[in-house]
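Data block below; observations after.
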Amino acid sequence: MYTMTGADLTIRLLERQGIETISGIPGGANLPLYDALYGSDKIRHVLARHEQGAGFIAQGMARASGLPQVCFATSGPGATNVLTAIADAKLDSVPVICITGQVPSSMIGSDAFQEVDTYGLSIPITKHNFLVRDVAELLETIPAAFRIASSGRPGPVLIDIPKDIQTQEISFEQWPEPGRPTQPSPANPEDLQQAAAMINQAQRPILYLGGGTIISNASEQARTLMERSSLPTTMTLMGLGAVPVDHELSLGMLGMHAAPYTNMALEACDLLIAVGARFDDRATGKVSAFCPNAKVIHIDIDPSELDKIKQAHIGIIGDVKQVLEQLTPMISDNRRTQWTTEVENLRRTHPFQTPKTDRANTAYGAIRKVAELVDDNAIVTTDVGQHQMRTAQLYPFRKPRRWLTSGGLGTMGFGLPAAIGAALAEPDNTVICFTGDGSLMMNIQELATAIEQQTNIKIILMNNNALGLVHQQQTMFYGKRTFASDYELQMDFVAIARGFGMPTFDLSGNNNHEALLREALEYSGPCLIHIPIDVNENVFPMVPPGAANIEMIGGDDHV
Amino acid sequence: MSENSSAQTTHHEVLELTVRNHPGVMSHISSLFARRAYNVEGILCMPIGNRERSRIWLMVDEDRRLEQMIKQVEKLEDVLDVQQHDANHQVFIKLEEFFQT
Ligand SMILES: Cc1ncc(C[n+]2csc(CCOP(=O)(O)OP(=O)(O)O)c2C)c(N)n1
Ligand SMILES: [Mg+2]
């Protein structure tokens with residue numbers, strides 16, 4: 001027989017799940033949980049400076065490792081602060097478990113101090129959520145949260161625990177089994193056969209890999225299929241690194257900021273094999289004009305993704321890795337000389353062109369140089385904006401789970417705390433955070449956490465003193481009426497970083513930029529690299545929002 | 001709910017859900033329809049069996065997004081089963097006498 005408080009039980013159950021790090025911030029309603037955590041020698045707590053930071057730190061750990069991770073917040077403002085990071089995890093299918101303190105059960109519904117309806121607020125942005133009403137429920141709820149977060153299509157789960165339940169004692173006979181992902185059901189063999197026949201017969205097929213390929217750890221399987229059938233392969237923003245983006249069959253990223261040849265090849269394809277991808281509007285452009293001549297095979301673990309945006313000729317519900325393992329043996333070796341030559345011609349005549357790519361004090365130059373200087377195990381996070389799109393366009397991702405970006409929600413402020421989380425998960429690897437001045441300001445307080453934890457992160461700040469991507473849209477689509485997108489105040493980020501105690505490397509002025517960048521990347525520990533960027537340099541090519549993907553602007557003449 | 005909600009109009013369908021019975025489950029379902037801008041005309045909910053489960057009846061618009069909505073409902077953790085019926089199903093028709101103006 002075991003007897004302990006709800007708070008102790010919660011911490012023990014988290015230990016039994018294998019949790020080693022929890023990010024969070026304490027407050028009145030979760031103090032019993034913190035008191036229980038104080039007694040844990042298995043779990044280390046990382047004190048964030050804002051609950052959104054704590055949520056993104058947990059996300060960084062989860063995205064890098066593929067395992068569910070935990071963050072803590074108190075009731076009221078603690079809970080509302082963490083919501084953005086939870087919504088972000090929902091849209092990118094990241095297994096994060098957020099445990100919030102709540103006012104005591106007897107006070108719920110009385111507008112008590114720091115009471116908000118965390119349960120109600122989190123319904124639309126979680127995969128599932130719980131309000132614990134009885135201490136005994138914890139024995140089921142905590143393992144269930146882990147099972148739900150990591151099964152099928154992963155996603156965030158929130159558990160709201162009233163303070164009286166944290167302090168209440170419970171006796172129980174037996175520990176529950178830790179929550180683990182449930183086995184996905186096998187795909188329908190007839191669908192697999194039909195899909196294989198379609199791939200074997202297609203003249204101009206394209207493989208379209210999404211984030212699901214990464215989540216399902218199916219990189220090897222995707223590569224085998226790609227190579228066996230010589231499938232030109234494109235990846236979504238979330239799918240980058242599923243196969244090496246510099247593989248000869250890779251077409252890189254598709255969609256709004258794709259290379260011209262990529263969108264043109266999609267236009268010409270007769271079979272689209274969508275794998276763990278969800279036909280997001282940034283990837284497809286105007287859907288009715290996306291791959292207009294193609295039949296579609298759609299493989300996804302989430303049944304609601306099939307036929308949601310685009311009707312599939314064959315829809316296969318199943319785990320991507322398992323499906324590809326079953327599908328590939330039915331695929332015949334095929335060199336596809338004609339189609340691959342055609343694609344090569346497109347690549348040659350409509351290439352992705354980058355300006356001034358080798359100077360370390362330019363946006364594209366810095367990305368390329370960094371990629372040269374770190375190895376393929378380095379993890380790259382970004383914020384949201386031009387710097388993010390440029391990194392997606394150019395960085396040579398060769399492995400899965402090395403590219404962490406806020407795809408679905410597009411949350412500025414993601415980059416720094418996600419980098420901290422990634423560094424906590426993999427202390428031996430370098431973590432690069434490409435950020436913009438606008439985004440960094442949204443969670444700049446986490447510089448303190450980065451220093452305190454001595455995380456090996458390199459923050460590469462591409463500073464155009466502007467909300468660059470907004471500036472670009474206003475320039476291109478709002479008659480050059482740039483408004484509220486240029487900052488009046490020019491901040492001294494280098495001084496600010498130093499104020500946090502963070503070493504800095506400033507690539508403005510006439511320094512030897514490359515040597516400075518090299519020195520920064522070799523420095524062990526967190527540091528900030530400041531690179532001034534011209535606000536008038538836009539990201540090309542660009543498909544105007546709502547237009548078809550082949551209506552790209554720039555790329556050939558704007559460079 | 002609109003005033004002239006008649007269960008007999010053909011542009012409605014009736015969904016029969018079996019769910020886990022707890023205080024949050026109605027919010028999960030109504031929030032899902034609301035955030036996907038899908039109109040629910042009528043809703044009924046009562047516990048069944050040993051009260052561990054509830055039955056929820058929904059009268060919903062029939063439109064091309066219904067199939068997607070049903071898939072979304074099926075994804076909810078507390079939803080155990082979803083059955084689809086046409087508008088002639090008796091459940092709302094029998095209740096009409098309680099909804100006269
Ligand atoms: C939280 C949040 N608010 C607003 C936006 C809209 N938005 C998208 S990109 C962008 C500008 C980002 O500026 P910065 O981080 O400096 O990157 P840059 O485009 O200049 O490289 C804005 C405001 C957003 N994506 N996220
Ligand atoms: Mg900027």
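Here the structure is a predicted model, which means the values were calculated and not measured. Below, each value reflects all heavy atoms present in this structure, side chains not excepted, and no hydrogens, waters or symmetry copies.
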Open item on the list: Suppose a student defines contact as a heavy atom less than 4.5 Å from any heavy atom of chain B. Which residues in residues 146-166 of chain A would they list?
Closed with: A/Arg147, A/Ile148, A/Arg153

Open item on the list: Using only non-hydrogen atoms and a strict under-4.5 angstrom cutoff, which residues of residues 179-188 of chain A touch chain B?
Closed with: none

Task: Engaged part of A/Leu131 at the chain B interface, taking heavy atoms whose separation is under 4.5 Å - done: neither

Open item on the list: Taking the side chain as everything from C-beta on, heavy atoms only, tell me whether B/Asp78 gets closer than 4.5 Å to A/His128.
Closed with: yes

TODO: Check for a donor-acceptor pair, side chain of B/Lys71 on one end and backbone N or O of A/Leu306 on the other, with a separation under 3.5 Å.
DONE: yes

Task: Atom pair CZ (B/Arg35) and CD1 (A/Ile125), whose distance is rounded to the nearest 0.5 Å - done: 10.0 Å

TODO: With chain A as the partner chain, list the residues of residues 20-29 of chain B whose heavy atoms fall under 4.5 Å from it, by residue number, and write 'none' if nothing qualifies.
DONE: B/His22, B/Pro23, B/Gly24, B/Ser27, B/His28

Should we say atom [atom1] of [X] is surrounded by more than 12 heavy atoms from elsewhere, each under 6.0 Å from it?
{"X": "B/Arg55", "atom1": "CZ", "result": "yes"}
{"X": "A/Lys310", "atom1": "NZ", "result": "yes"}
{"X": "A/Asp111", "atom1": "CG", "result": "no"}
{"X": "A/Lys295", "atom1": "NZ", "result": "no"}
{"X": "A/Glu190", "atom1": "CD", "result": "no"}

Open item on the list: Quick check for you: among A/Pro124, A/Pro303, A/Gly120, A/Ala144, which has the greatest number of heavy-atom pairs under 4.5 Å with chain B?
Closed with: A/Pro124

Open item on the list: Just to verify, which of B/Gln72, B/Glu67, B/Glu74, B/Met69 counts as forming a side-chain contact (heavy atoms from CB on, under 4.5 Å) with A/Ser304?
Closed with: B/Gln72

Task: Summary of ring-ring contact (aromatic ring centres under 6.0 Å, His included) pairs that have at least one residue in residues 54-85 of chain B, sequence neighbours excluded - done: B/Trp57-B/His85, B/Trp57-B/His89, B/His85-B/His89

